[in-house]
2 protein chains.
Amino acid sequence: MSVLPLSVEKVIEEFGRLPGVGPKSAARMAYHFLRSSRKDASRLAKVLLEMEEKVVDCTMCFNVSDSEVCAICSSPLRDSSKICIVEDPLDVVAFENAGVFKGVYFVLGGLISPADGIGADELRFKELKARINAVLKDHEAIEIIIATNPNLEGEATSNYITDMISSMEVGEKVKVSRLAMGLPTGADLEYADQLTLKRSFEGRNIL
Amino acid sequence: MSVLPLSVEKVIEEFGRLPGVGPKSAARMAYHFLRSSRKDASRLAKVLLEMEEKVVDCTMCFNVSDSEVCAICSSPLRDSSKICIVEDPLDVVAFENAGVFKGVYFVLGGLISPADGIGADELRFKELKARINAVLKDHEAIEIIIATNPNLEGEATSNYITDMISSMEVGEKVKVSRLAMGLPTGADLEYADQLTLKRSFEGRNIL
């Protein structure tokens with residue numbers, strides 16, 4: 001006999017699909033709606049349906065957007081000759097919050113990961129190629145900043161992108177860079193892993 | 001300028017209201033629906049609305065239920081002369097999973113917590129009193145097992161219940177017990193906090 005009503009079990013099951021949510025947290029979330037305010041459940045349901053209905057991929061950068069071309073791609077204040085390639089929309093949020101980049105983005109939709117069965121075909125490399133060619137029509141020189149995560153999948157994806165750009169024979173017109181790797185702010189050298197330390201050393205800046 | 005579409009921000013806000021969900025996790029949850037399967041969002045919306053519509057409080061024990069009297073209270077296999085008093089429905093789930101108790105429950109709906117502004121009036125003490133009186137009509141002797149959490153709020157609530165039962169002048173007919181406190185299975189005595197050790201010592205069992 002299931003202790004909780006079936007309708008509650010179903011909510012727990014759906015919450016359990018969310019990233020980083022185990023069965024116990026999922027139960028606590030479902031119960032939250034039963035305890036405090038049952039209206040919270042319909043409010044969450046409403047915004048979920050609204051999001052599903054309204055959100056589209058920007059046709060230029062593939063970031064989530066509520067219009068065909070997103071606010072960043074359509075802004076005259078952004079430098080469209082600089083394209084920062086990221087894995088997903090949350091990376092765009094991170095960059096925007098840091099306020100360090102005034103170019104545009106390109107959202108790949110994932111990283112190459114043989115372990116998870118994600119090959120190059122699943123990602124937006126064809127669209128990236130088309131995007132680079134389109135930008136090259138408007139600009140003499142462009143910069144591609146590869147901002148994939150500093151892990152195996154991020155490396156593989158970065159390599160794939162550099163190979164792809166090499167094969168495009170765009171020569172000097174496209175400068176490709178990648179985010180620096182090294183010690184994060186506030187890190188303790190003593191506790192840094194070997195690879196981080198190695199990269200931090202190799203990438204040392206002459207003062 | 002907000003980076004994410006408003007409809008996504010709204011979903012993040014609602015997820016952020018859930019217990020144990022910070023802004024970053026909320027964003028990752030919202031994004032989960034945009035990435036893998038956008039249909040997951042409407043499925044969650046559907047089950048949330050269904051839960052809101054179908055779930056009621058059991059009129060006997062106040063546990064969540066899909067019928068007026070829950071499956072436990074209406075089961076002829078349960079001993080209605082033993083009432084286990086718990087804070088919330090998830091505690092019932094924990095007990096049922098342990099399979100140790102064959103009586104019935106009473107869900108208080110919270111614990112007395114002056115710090116959070118939760119007084120006795122907010123909880124189901126009146127309903128508990130009525131329930132005990134109703135059960136006393138059917139049974140010569142009953143047992144009340146207080147199963148509130150072993151913390152300040154749980155103590156205060158437990159004391160309130162024992163005082164309430166004393167004032168009911170039910171004499172020998174109602175036996176009141178409380179869950180044992182002590183070292184949890186697999187604990188390391190060396191790392192146990194002082195209060196746990198103290199209670200474990202005071203409650204030691206003669207062999």
Side-chain angles (χ1 to χ4, degrees), chain A residues 1-8 10-11 13-15 17-21 24-25 27-57 63-67 70-72 75 88-90 92-93 95-97 109-110, chain B residues 1-8 10-15 17-21 24-25 27-36 38-57 63-67 70-72 75 88-90 92-93 95-97 109-110:
Chain A
M1 185 180 70
S2 167
V3 185
L4 289 170
L6 182 65
S7 58
V8 181
K10 278 190 197 164
V11 170
E13 192 190 324
E14 290 300 324
F15 275 131
R17 291 180 205 274
L18 292 171
V21 179
K24 289 239 172 187
S25 319
R28 237 171 271 128
M29 287 174 183
Y31 175 58
H32 162 82
F33 291 114
L34 296 171
R35 182 182 192 166
S36 53
S37 160
R38 299 201 179 182
K39 276 191 186 151
D40 278 12
S42 51
R43 206 168 53 216
L44 175 56
K46 192 179 145 238
V47 296
L48 280 168
L49 293 172
E50 203 179 288
M51 178 175 79
E52 190 177 286
E53 188 198 316
K54 288 193 181 167
V55 170
V56 292
D57 290 333
N63 192 6
V64 290
S65 171
D66 41 18
S67 51
C70 77
I72 294 173
S75 166
D88 67 41
L90 297 181
V92 175
V93 175
F95 263 103
E96 290 298 297
N97 287 343
Chain B
M1 185 180 68
S2 167
V3 185
L4 290 170
L6 183 64
S7 58
V8 181
K10 277 190 199 163
V11 171
I12 294 175
E13 192 190 325
E14 290 299 325
F15 275 130
R17 290 181 206 274
L18 292 170
V21 179
K24 289 239 172 184
S25 319
R28 238 170 270 128
M29 287 174 182
Y31 174 59
H32 162 81
F33 291 113
L34 296 171
R35 181 182 193 167
S36 53
R38 298 201 181 184
K39 276 189 187 154
D40 278 13
S42 51
R43 206 169 51 216
L44 174 57
K46 191 179 146 239
V47 296
L48 281 168
L49 292 172
E50 203 178 287
M51 177 175 80
E52 189 177 287
E53 188 198 314
K54 288 194 181 167
V55 171
V56 294
D57 289 335
N63 191 6
V64 290
S65 171
D66 39 19
S67 50
C70 77
I72 294 174
S75 166
D88 66 41
L90 297 182
V92 175
V93 175
F95 263 104
E96 290 298 296
N97 287 343

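Protein chains get the first letters and strands the later ones, always in sequence-line order, with residue 1 at the start of each. Because the structure is predicted, anything quoted here is derived from the model rather than measured.
- A:Asp40 is listed as a side-chain neighbour of A:Arg43, based on a closest heavy-atom distance under 4.5 Å.
- The greatest number of non-hydrogen atom pairs below 4.5 Å with chain A, out of B:Glu53, B:Met51, B:Lys24, is found for B:Met51.
- Ring geometry for A:Phe15 versus B:Phe15: interplanar angle over 60°, hence perpendicular rather than tilted (30 to 60°).
- Residues passing the side-chain hydrogen bond (donor to acceptor under 3.5 Å, both in side chains) test with B:Asp88, sequence neighbours excluded: none.
- The existence of a salt bridge linking A:Arg17 and A:Glu13 is confirmed by a sub-4.0 Å separation between a basic side-chain nitrogen and an acidic carboxylate oxygen.
- Both the backbone and the side chain of A:Ser42 come within contact range of chain B, with heavy atoms under 4.5 Å apart.
- Interface summary for chain A: among B:Leu49, B:Val93, B:Val8, B:Leu90, the most heavy-atom pairs under 4.5 angstrom belong to B:Leu90.
- Interface remark: A:Leu44 contributes backbone and side-chain atoms alike to the contact with chain B (heavy atom separation under 4.5 Å).
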